[in-house]
Amino acid sequence: MLFTDADLPRSPEQVAPGAMWLPGWLTRDQQAWLARQFHMWAAGPVPPRSAKVRRHEMSVTTVCLGWHWRPYAYSRDAVDVNGRRVLDFPDWMVRLGRRILFDATGDAQQAETYTPDTALVNFYDATAKMGMHQDRDEISRDPVVSLSIGDTCTFRFGNTENRNRPYRDIALASGDAFVFGGESRLAFHGVQRIHPGTAPDGCGLPQGRINITMRVTGLETGQPL
Ligand SMILES: O=C(O)CCC(=O)C(=O)O
């Protein structure tokens, strides 16, 4: 076939009110740089682990920055892993989150004050998935900013009422950003499947998928940057 969907230009798109998909937001070099950061984060002090949700181990492994997430709470120390304090949330990631939020919304005032203080960094192997859920362990309802690196996934973005229709399935590819806030902040969402072999050359992750979601916990007020 001369053209597949992957060859077609992909433009920013509002998936639902408050939910913006920004395809190809990261350059290939930026993806590779973030993949290198991921390998450093994964080296410790707290290793990636599969969280247990209602006694079932998730198929993704997660390493956190700023605050450690466990179902259904945040703490500074990884009390359900090895008790060590998680790495600080990097200043550059605050700036990155602000730039993405501005590109998603055009709202300079909101973007300038956006101060994420935690990131959940998930690694998906070829068979990993994430069930439909809401991100509601944060006190703050500031937007969630997500970045994808590696294999494409089918990301399902639903409604705020339940896990059922209406929802949209979108192909989140390496370098894509996705923001959900406002009316969509509590939308159910999940990862239906990973598409092995789709990671682009040079993205820094030959197999699997990294997803970074930045969030504002609302647990402690940080210093403005
Ligand atoms: O991997 C993704 O794109 C979504 C991750 C997610 O839903 C989460 O970390 O809560």
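In each ligand, atom 1 is the first atom listed, and ligand 1 is the first ligand listed. Values in this document were obtained by computation on a predicted structure and should not be read as measured data. Position 1 is the first residue of the sequence; numbering continues from there.
- Checked against Asp137 for a side-chain hydrogen bond (donor to acceptor under 3.5 Å, both in side chains), the options Trp67, Trp69, Tyr72 give a single hit: Trp69.
- The hydrophobic cluster around Val81 extends to Val46, Val86, counting ILVMFWY residues whose side-chain heavy atoms fall within less than 4.5 Å of a member.
- Protein neighbours of ligand 1 below 4.0 Å, counting non-hydrogen atoms: Asn122, Tyr124, Met130, His133, Asp135, Phe155, His189, Val191, Arg209, Asn211, Thr213, Arg215.
- Judged as a ring-ring contact (aromatic ring centres under 6.0 Å, His included), and not counting sequence neighbours, the contacts of His133 are His189.
- Within a 6.0 Å radius of CD in Gln207, no more than 12 heavy atoms belonging to other residues, nucleotides or ligands are found.
- In terms of heavy-atom proximity, Leu172 sits nearest to Ser148 at CD1-OG, 3.8 Å.
- Taking the side-chain contact (heavy atoms from CB on, under 4.5 Å) definition, one finds that Ala16 meets it with Ala19, Phe157, Ser184, sequence neighbours left out.
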